Enquirer: 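Below is one structure. I have some questions about it.
Predicted model only: the values in this text are computed from it and were never measured. Proteins come first, then strands; the chains are lettered A, B, ... in the order of their sequence lines, and each starts at number 1.
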Number of protein chains: 2
Amino acid sequence: MLREERYNYIVNEVKIRNRVLLTDIARKLNVSEDTIRRDLNHLDEQGKIKKVHGGAISSSFHLYSYREDQIYAHEHKSTIASKAVKLLHENCVVLMSGGTTNLELARLIPDNIRFTVFTPSLPVAMQLIAHPLVETIFIGGRLSKDAQIALGGDAIRTLSHLKADILFMGTGNLDLDSGLTEFDWEVVQLKKAMMESAKKTVVLTISEKINSSQRFKICATSEVHTLITELEPSHSLLIPFREKGLELI
Amino acid sequence: MLREERYNYIVNEVKIRNRVLLTDIARKLNVSEDTIRRDLNHLDEQGKIKKVHGGAISSSFHLYSYREDQIYAHEHKSTIASKAVKLLHENCVVLMSGGTTNLELARLIPDNIRFTVFTPSLPVAMQLIAHPLVETIFIGGRLSKDAQIALGGDAIRTLSHLKADILFMGTGNLDLDSGLTEFDWEVVQLKKAMMESAKKTVVLTISEKINSSQRFKICATSEVHTLITELEPSHSLLIPFREKGLELI
DNA sequence: TCAAATTTTGTAAAATCGTGCAACATACCT
DNA sequence: AGGTATGTTGCACGATTTTACAAAATTTGA
């Protein structure tokens, strides 16, 4: 591992995630924490990132800060993503929505598998082009400043011409009666279109978001094929979903 | 093994893998490490690759680079970008290609101006969505791993439906006779399409890239409306271009 | 305030780099 | 062909850089 590769990795990671932990990078790149510390110092001097106690954050100020619960939920999301990775196989065509869980999924894709991903999410796309084999196609459109995804007619039109093997749906709330719901109407439109463009819909969500609902409905629970959470499939919270016919992982 | 053969091997390897280790090449080609070291130094001076401690990485992957001479060039790019900003006005429709100069331009846009940008560049789009007022539309398509832009039919098709007031063309070499040229054929296709979708083409380039050319031609010099470099418009290097009718800034 | 985590500082081992030099090959000239 | 000039290669050596480990100092959060 060349030093410059670490630099690239770190800057890229900060760009995508807005924050990185020193210990995470050290473990991921298999070098000592001291080395990463030196890297962070150097990149800070270059102004590429801003080093802080315990890691680094983006040097350019950002609109939205990460909430406490999001940091807490990160390990859950990582668990979920690692389960989702197992659904990938050589030469499959994947559709990925936005959200931090999907971003984590993109990061965890093994280096030696080759397939194609369509996504309207800017961070997910940034993460995917760092992968040596995955072909990434960005679904263009008007970019939402907070969700960092393409929305609107262009994106939906592109989706209508496409059929993917599997859709990984990131955020969203799932409730037995209300179904899959979202806060933003335009996001709902996009997700509806995504579901129609995929043979199979896999919802990735932390258990917090189960049995809660938002303003607008994307689809009924029964239209989701697979649900991946950090809980064991036998957990009592999930039993009603299994009875509805969802595959649980 | 001829020296040129080694050169080709190394450049090719860097192009494919984005990185090479000095020791690996030496072992693979059965020559001493010193020889490879000399090769790397030479190729670095030619700008074909970027030599780093322990090996080399792709020079086109210079988005997050830090080398002295590139920092020097960065100041130029910043100068150029600040000149280009003045061409923006309220409610205009802008098309931006990729490259670090355009990225710098995106960074320097004042907070209080509102307009619309179309771009196929992932880094430029990331930068633009941090702006409070600018509406950003991403031109989707297959993503190039090294240039980090959308290429191919999708992108070109989207461009064909669109007419922008002004196009900021980032990278590329400009020569009086050869015109505007590029190394990569697919990028050439994209840039041609971009030019057709804009009323006016503004080329942003550091003076290093003037009077040099690459493999493929995008257009003739006369088809460019405005040229922005870090030099004064009265500089002798630029006089022939003014005589061709280009506006110089 | 205390304990845990993180940073700083110093150090030693390993890897890498630059340089001079001799051996060899190639190009050029007579 | 012979000789000279030029360029290339591999090796040796010291200088420099990079890295990991350890101990002390500092910061963080409860």
Enquirer: Can you tell me how far P of C/dA5 sits from CG of A/D24, to the nearest Å?
Expert: 15 Å
Enquirer: Starting from the 5' end of DNA chain D, give me the residue, A/L2 or A/H53, whose nearest nucleotide shows up first.
Expert: A/L2
Enquirer: With a 4.0 Å limit, can you tell me whether B/R6 has a side-chain N or O closer than that to the phosphate oxygens OP1/OP2 of D/dT8?
Expert: no
Enquirer: In whole Å, I'd like the distance from the CD1 atom of B/I36 to the P atom of C/dA15.
Expert: 19 Å
Enquirer: Looking at every strand, decide which applies to A/R37 at a 4.0 Å heavy-atom threshold: base, sugar-phosphate, or nothing.
Expert: base
Enquirer: Which of parallel (below 30°), tilted (30 to 60°) and perpendicular (above 60°) describes B/F138 and A/F138?
Expert: tilted
Enquirer: Could you please spell out the steps behind the side chain to side chain donor-acceptor pair (under 3.5 Å) verdict for A/S207 and A/E230?
Expert: CA-CA 7 Å; A/S207 57; A/E230 80 279 12; 2.6 Å; yes
Enquirer: If you only use heavy atoms from C-beta on, which nucleotide in D/dA20, C/dT16, C/dC17 is closest to the side chain of B/T23?
Expert: C/dT16
Enquirer: Which atom pair, heavy atoms only, marks the closest approach of B/D44 to B/K51?
Expert: OD2-N, 2.8 Å
Enquirer: Can you tell me how far P of D/dC11 sits from CD of B/E33, to the nearest Å?
Expert: 11 Å
Enquirer: Measure from CD on A/E4 to C1' on D/dT19 and round the result to the nearest Å.
Expert: 15 Å
Enquirer: Does D/dG10 have OP1 or OP2 under 4.0 Å away from a side-chain N or O of B/T35?
Expert: yes
Enquirer: A/M1 has an atom CE; how far is it from atom C1' of C/dA15, in whole Å?
Expert: 17 Å
Enquirer: For a quick check under 3.5 Å, do A/S97 and A/N102 share a side-chain donor-acceptor pair by atom type?
Expert: yes
Enquirer: For B/L22 and D/dG10, give me the distance from atom CG to atom P, rounded to whole Å.
Expert: 13 Å
Enquirer: Counting only side-chain N and O atoms of B/R38, is one of them less than 4.0 Å from OP1 or OP2 of C/dT19?
Expert: no
Enquirer: Round to a whole Å and report the spacing from CG of B/L29 to C1' of D/dT9.
Expert: 14 Å
Enquirer: Please state whether the base of D/dC11 and the side chain of B/D34 form at least one donor-acceptor pair under 3.5 Å?
Expert: yes
Enquirer: As a quick check of understanding, evaluate salt bridge (charged side-chain N to carboxylate O under 4.0 Å, His left out) for A/E13 and A/K28, giving each step before the final call.
Expert: CA-CA 12 Å; A/E13 205 69 4; A/K28 178 87 183 176; over 6 Å; no
Enquirer: Would you mind reading off the distance between A/R3 atom CZ and D/dA20 atom P, rounded to a whole angstrom?
Expert: 13 Å
